[in-house]
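Below you'll find the structure, written out as structure tokens, and then a few comments.
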Amino acid sequence: MEAYLERHFRSALGRLGAPEDTRVEFEIPQNSEHGDLSTNVAMALARPLKKSPRQIAQDIIGHLELDNGYVRLVEIAGPGFINITFSKTYLIDQLRVVLDEGATFGRTATNEGKAINLEWVSANPTGRLHAGHGRQVCLGQAIANLLEWTGGKLTREYYFNNAGNQMANLAKSVHVRYLQELGDEIELPEDGYRGVEIVDIAKQMVAEFGDGKRAAPLSFFQSFGEQANFASIQRTLERLGVHHDVFFNENSLYDSGAVETTIREFKERGLAYEKDGALWLKLSEMGEKEDRVIVKSTGEPTYRLPDICYHRNKLGRGYDQIIDIFGADHIATIADVLAALRALGYDTERIKVIIHQMVSFVSGGELIMFSKRSGGAYTLDELIDDVGVDAVKYFFNMRSAGSHLEFDVELAKEQSEKNPVYYVQYAHARIASILRFAEQQGLDTSQVEQADLTVLDHAEEHALIKVLLRFPTVLSRSAASLAPHHVCEYLREVAQQFHKFYHDCRIVGSAPEIQSARLALTLAAKRVLASGCTVLGVTAPESM
RNA sequence: GCGCCCGUAGCUCAGGUGGAUAGAGCAACAGCCUUCUAAGCUGUGGGUCGCUGGUUCGAGUCCAGCCGGGCGCGCCA
């Protein structure tokens, strides 16, 4: 519809002598009295045409030749808006298209053919996932789905590091816990990992080896701990239905010589220098605040260097778009990595970084504290146990990534109308129930899609069709802005409008032709709800 | 001190490129079930959009400066 209107508006503007590059855009007004679509083009032209907006709007309308019967009303309102109201014919025709598209309705070609790499979670195997990780896990899953629904060819990637300080720390921690399990009086080092999972790992080792590993090297404890932690992370991701295509080990960057190559290039370009026995990157000459160490005086690289190499690697794999999701606590590294890549001659426009803010978990108005290094951590598994998979996913995607998220565990747990995830799921279950009831009444619901839809005349029927028609736009806009929270808001609207329709319009038991048409509309609503839930990774239950 | 994010109704939050009387959910109050799921629907009240300036015909939205909160600012990741 927008494309059709834009064509006609452009041709009208041409005759008025408006500039070629005038933007003609339509938006859905907040207030339904302002029509179904609205444009402010007349107001934007007031200056160049040196006429009043309302006069320009009048002129545009005078030159408009909308001929297909899809527009019922074109009117000027307020300071110079042109408001367009759809005809019933348009709504009915579009509902027909929705039904014909079936389960694929909502898919668009916005990202058609684009190869996209999405990297997220990327937690190192030093422990299990904690509740706070859930935000990134669920956000990434929904974004991945959005990108696929808009035609993208996705590679889901997980980057991890199983070497270095953190893992040495893990080795020491596992070792100490193992000895403690064997009865030794020994203290966990100050910076050791205090999570209960390390104790579990130690217990597992005792069960498997008894005291036979007392003299084993730290590398043994490290690798045992790593495997156990990775298995735990995988189990948790599995519970949420999150899968990755590529697990990229930081070590491979050393094995392949990529790190060495990058160091050499930095030196050759005069972007790195030695000081105090370490190698520094001249970030201050790349527009950043200050220089940073990329190779420590011990000879080990800092995280920054492999991060740069990793992004080079991804850039070299030919993706049209590379998306990283990071928590706000990693914000400092991003600018450095991008600056370094630009200094090496890369176009970083292809890289998009999503920074999500932190999460606080609240229960009964009280803050739940958690810390990865303390034994009393609130794990993602516990959160899932507490509120269920669907609530976890819906709640983590409910707010924009840039906003701090307050996760109300009490509310998420509650099986009531207060809980937004149930509101959406209930609408779907209610529809399923209506269709079952219709079957019980001897109706063949598989035939209703063919119904004559022109009998749909009720205002709530039309309102529901309009909401359903927005679905593809909602998905493509959410995908473009990498913001799944719009989908949550939209699904709430669909559910709400369905409930209004249900309240006002008797479905089963009304006149046969109306009954069929309403069942067809109901079916369309069910599919949109189900598809929207699928994008969020939330189930759409047949009954509740 | 510096960088990024946030500040909108009692609470939690939305507010595509600047536009029409600033929205939703929850909470509060008042209604609606002999028929398809009341986990629902209808109605009411509730706001100096942190503050101050600036740009503009028009600012919650853009710019500057303050104030308040979060996260960072390591030869940790």
Side-chain angles (χ1 to χ4, degrees), chain A residues 23 25 27-31 33-34 38 40 43-44 46-47 52-53 77-81 83 122-124 126 161 164-166 169 191 250 275-280 288-290 292-298 300-304 306-307 327-335 355-358 360 362 365 398-408 411 414-420 422-423 425-427 429-438 440-441 473 477-478 480-481 483 485-486 488-489 492-493 495-496 498-500 502-504 506-510 515 518-519 522 543-544:
Chain A
R23 276 192 310 197
E25 278 167 9
E27 61 167 26
I28 298 171
Q30 304 154 28
N31 187 335
E33 286 170 26
H34 297 146
S38 176
N40 64 351
M43 284 143 80
R47 186 177 291 269
S52 83
F81 290 100
N83 295 337
S122 297
N124 287 334
T126 55
N161 167 11
N165 272 344
Q166 283 191 51
N169 220 332
D191 54 353
E250 182 185 311
K275 192 180 88 178
D276 304 331
L279 187 68
W280 293 69
E288 293 304 298
K289 210 73 205 149
E290 48 194 344
R292 299 283 181 195
V293 170
I294 51 174
V295 181
K296 301 184 231 174
S297 53
T298 59
E300 293 169 89
T302 64
Y303 66 89
R304 210 170 269 110
D307 271 7
D329 51 342
H330 283 244
I331 193 139
T333 81
I334 295 151
I355 310 276
H356 63 85
Q357 296 301 310
M358 303 285 100
S360 13
V362 181
M398 213 162 45
R399 306 300 182 208
S400 74
S403 289
H404 184 94
L405 173 67
E406 189 159 304
F407 193 119
D408 190 332
L411 176 64
E414 206 168 318
Q415 307 219 343
S416 80
E417 76 284 356
K418 292 178 198 167
N419 189 338
Y422 285 105
Y423 184 77
Q425 292 187 314
Y426 176 70
R430 195 180 219 185
I431 291 174
S433 167
I434 293 163
L435 296 173
R436 280 194 300 272
F437 182 78
Q440 280 168 25
Q441 302 301 305
T473 312
R477 274 217 268 265
S478 296
S481 53
H485 71 278
H486 294 303
C488 291
E489 171 58 19
R492 198 198 55 73
E493 279 184 61
Q496 182 177 53
F498 176 77
H499 288 313
K500 285 186 186 179
Y502 171 87
H503 187 265
D504 284 13
R506 179 75 204 182
I507 303 166
V508 180
S510 46
Q515 174 176 263
R518 285 181 176 169
L519 280 168
T522 300
S543 67
M544 286 175 78

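Quick note on labels: first sequence line is chain A, next is B, and so on, each numbered from 1. Note that these values count all heavy atoms, side chains included, but never hydrogens, waters or copies made by symmetry.
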Practice item. Give none if B/G1 has no partner; otherwise give the nucleotide forming a Watson-Crick or G-U wobble pair with it, both distances under 3.5 Å. Key: B/C73
Review point. Looking at B/A77, does its base get a donor-acceptor pair with the side chain of A/Asn169 below 3.5 Å?
Key: no
Check your understanding: Is any side-chain heavy atom of A/His499 less than 4.5 Å from a side-chain heavy atom of A/His503?
Key -> no
Exercise for review: To the nearest Å, give me how far apart CE (A/Met398) and P (B/A14) are.
Suggested key: 10 Å
Exercise for review: Tell whether A/Glu406 reaches the base of B/U12 with its side chain through a donor-acceptor pair below 3.5 angstrom.
Suggested key: no
Review point. Any side-chain heavy atom of A/Asn169 sitting closer than 4.5 Å to one from A/Thr126?
Key: no
Review point. If we call it a pair only when both distances are under 3.5 Å in a Watson-Crick or G-U wobble match, what pairs with B/C13?
Key: B/G23
Practice item. Calculate the interatomic distance between A/Glu27 atom CD and B/G18 atom C1'; express it in whole Å. Key: 11 Å
Review point. Under the 3.5 Å rule, do the base of B/A39 and the side chain of A/Tyr422 count as making a donor-acceptor pair?
Key: no
Study note, to complete from the structure: Taking for A/Met358 and for A/Ala429 the nucleotide of RNA chain B with the nearest heavy atom, the one nearer the 5' end belongs to A/Ala429
Practice item. Return yes if the base of B/G19 and the side-chain atoms of A/Asn40 contain a donor-acceptor N/O pair under 3.5 Å, otherwise no. Key: yes
Check your understanding: Between the base of B/A77 and the side chain of A/Thr333, is there a donor-acceptor distance below 3.5 Å?
Key -> no
Point to revise | hbond_proxy A/Ser297 side chain to B/C75 base (donor-acceptor, 3.5 Å cutoff) | key: yes
Check your understanding: With nearest nucleotides of RNA chain B determined for A/Ser38 and A/Asp504 from heavy-atom distances, which residue corresponds to the more 5′ nucleotide?
Key -> A/Ser38
Check your understanding: Is there side-chain contact between A/His486 and A/Ser481, with at least one heavy-atom pair below 4.5 Å?
Key -> yes
**Study point:** A/His330 NE2 to B/G3 P, straight-line distance once rounded to whole Å
**Key:** 22 Å
Practice item. Both distances under 3.5 Å, Watson-Crick or G-U wobble: report the partner of B/A28, or none. Key: B/U44
